[in-house]
Structure formats: structure tokens, C-alpha cells
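The structure appears right after this line, and notes come after that.
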Amino acid sequence: MLIFVIIKKIHTMKKLVLLSIVLVGAAIALMSFTFSKVNTSNPPQEQAQAMFPAEIQKIFETSCFDCHSDTGNAKAKLKLNFSKWGELSDAKKVGKIGNINDEVQSGKMPTARYISNYPDRALTKEQKELVNKWATEESAKLMGQ
Amino acid sequence: MGHGRIGQTDGAMRKTGWIIIGAVAAAFIIIQFFRPEKNDKVTNPKNDIVFSFNMPVNVKKKIVNACYDCHSETTAYPFYNRVAPVSWIIAGHIREGKKHLNFSDWASYDRKDQIKLLNEICETITNGEMPLKGYVMMHSKAVFNEREIEEICAWTEQAAEELLSRKD
């Protein structure tokens, strides 16, 4: 008998469905509102001294420092903070260079969101190749090869 | 809304209800026939990370217990792996996990990737990215306490230094 009661409830469920659609819609609206407030408008910072070869330094300053330096956001800094690069051990540097190159070559970084805000900061094919060449040479150097 | 809707009597609604319940039940039964392949390859133990380093016993134990289900070729499956679509989700996690790091295949990584992965082991357990929340919820062996994190990070750091100066 219980099952018939449940089926009667289907009428009520229609209202529930409507309500959940409204709720999901509201959630999406709220999320897009919150995310759009994420501040990515820090101008590239002039860092104290160049830590990388000039062309690499320029790429990182333009396309990475906004998030991955002292003035950047917490989540990005947790992964990589260029302002603290000098404090890393050689082993850590080798690891981070590997991570940087993975992210850059796979196109995961800079993020699509960042690029949509700053289309001119997307990495060109040539820039990606420069990063790859630097990553390979620099980690080999650090490993004493 | 509701009762008075034109052209749909209570009987028709009842029938639709049963059809939906039946279809869901049938779909659930049918998906049980699609079982992902098990992660239980026989591998050469010499390729495993435990063979590459002289690891402290505690560190070795913790890594095997907390990580190997997804980051090696041997998974100790939980009972609920018998039910689809749970089994699919688990298979997906294992596939993804092995893609990033496969401890059974450690010897195949080059030296700089090994250094990178050692760094990442410490980082991901420190910031709570790993093990996955859902996995920890179901496996108490995968819960890390402060001391275990410190021990593992001390070891990964030392192992990375060792690799850095190792001449190949």
C-alpha cells in the first residue's frame, strides 16, 4: 500500500522538481557572481632581481607572477611562489621546474580564466618552446649534468 | 499543477510511476554486467620505489597503506567495488592516480621526474590534496597524522637530495 502513497506523492514531487531547478539556478548565479569577484587585476610586479634568463623572466613576469608571487593568491602560492624561488633547495628547484614545464606544455597554465581576462598574456608557441628549453637545460645543470 | 491536470488521471500517473521505477531498476541490473578490469598486474618488484631507496620502515608502510591502492599496480579492493557504478568510479580514480604516479613503475621515471614526484608527495599530503577525501573517509589506514607527514617529508627531501647528487 505504501507504494501507492509514494505514487500519490509524485504530484508533490513535481513541485519539488520545480523547486530544485530554481535552487540549482540560484546556486549557479551565486557561484558565477562569487567567481567573477576573484581579483586577477594585479599588475605584473617588478621583482627585486631577475632570477631567470631575461626572456624567461619576462615570460614569467607577464604570464605567471600575477598569481604566483607574494602579491598573488593563496592557492597559487601554495603550489609555486616565484618571490620565494631563491629560498628553494636545488632539489626543490628541479621539482618545480618540472612542474612548471608540465603545466605550461599541457596548456593548463596560465588558466583559461586568466587568459580570458588577459588574452595577450597567453603563451605563444615560441614562448612555450623557450620554457621547455630552459626547463631541460636548467634542471640538467642543477643535477650536475 | 497536481490533481486536476487535463488528460492525466491518477491511474495514468500511477502507471508512469511504475514504469520509471522499473526502468531505473532494470538499468541498475544491466550496468552490473559492465565490470572494469581489475588493477592486479604482476610486476617486477625491482621497479618499485621501495627497491630504489633504503626507506625507513614507517615511511614505507604508510606509503604502501595510504597510496598504493591508486598509485601502484595492485589494488586491495573494498567489498563495494562489486557494485556498478561505484566500481567505475574506483577504476577511474586508479587510472588517474597511476597516470600521475605509479610506485610500481618507479624505475621507469627519469631522475628529474623522480625528484619532482618526491617533492609532490610531500606537498600533496601536506596541503591535504592527497589522499582523496572520499578515499580517506572509507579507509582509516589512509589518514595522515602530523608526525607521519613530517616523517614522509623528511624522507622525500633527503631522497630528492640523494637523487640530485647521484651520478648516472
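Lettering follows sequence order; numbering is per chain, from 1.
A salt bridge is absent between B/Lys98 and B/Asp105: the closest approach of a Lys/Arg side-chain nitrogen to an acidic carboxylate oxygen does not fall below 4.0 angstrom. Taking 4.0 Å as the cut-off between side-chain N and carboxylate O, A/Lys133 and A/Glu129 do not count as a salt-bridged pair. Looking at A/Lys141 and A/Glu137, no side-chain N of the basic residue comes within less than 4.0 Å of a carboxylate O on the acidic one, giving no salt bridge. A salt bridge does not link A/Glu61 to A/Lys58: none of the charged nitrogens lies less than 4.0 Å from a carboxylate oxygen.
Residues meeting the disulfide bond (SG atoms under 2.5 Å apart) test with B/Cys67, sequence neighbours left out: none.
Listed in order of number, the residues of residues 112-140 of chain B that approach chain A to under 4.5 Å between heavy atoms are B/Lys112, B/Ile115, B/Lys116, B/Asn119, B/Glu120, B/Glu123, B/Asn127, B/Glu129. For residues 85-99 of chain A, the interface with chain B (any heavy-atom pair closer than 4.5 Å) comprises A/Ser89, A/Asp90, A/Ala91, A/Lys92, A/Val94, A/Gly95, A/Lys96, A/Gly98, A/Asn99, sorted by residue number. Interface residues of residues 69-84 of chain B toward chain A, defined by a heavy-atom distance below 4.5 Å: none.
Although no hydrogens or angles enter the test, the distance criterion places no donor-acceptor pair under 3.5 Å between the side chain of A/Lys84 and the main chain of A/Lys77. Without hydrogens or angle criteria, A/Gln105 side chain to A/Lys128 main chain gives a donor-acceptor distance under 3.5 Å. A donor-acceptor pair under 3.5 Å links the side-chain atoms of A/Ser63 to the main chain of A/Arg121, judged by distance alone. A donor-acceptor pair is defined here as one N or O able to donate and one able to accept, closer than 3.5 Å; such a pair exists between the side chain of A/Gln127 and the backbone of A/Thr124.
The hydrophobic cluster containing B/Phe53 also contains B/Phe103, counting ILVMFWY residues as joined when their side-chain heavy atoms lie under 4.5 angstrom apart, directly or transitively.
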- Go through the steps to decide whether A/Phe65 and A/Phe60 satisfy the test ring-ring contact (aromatic ring centres under 6.0 Å, His included), and finish with yes or no. CA-CA 6 Å; A/Phe65 273 32; A/Phe60 288 166; 7.3 Å; no
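Two rings, from B/Trp106 and B/Phe51, have their centers 6.0 Å or more apart.
A side-chain donor from one of B/Tyr68 and B/Asp48 sits under 3.5 Å from a side-chain acceptor of the other.
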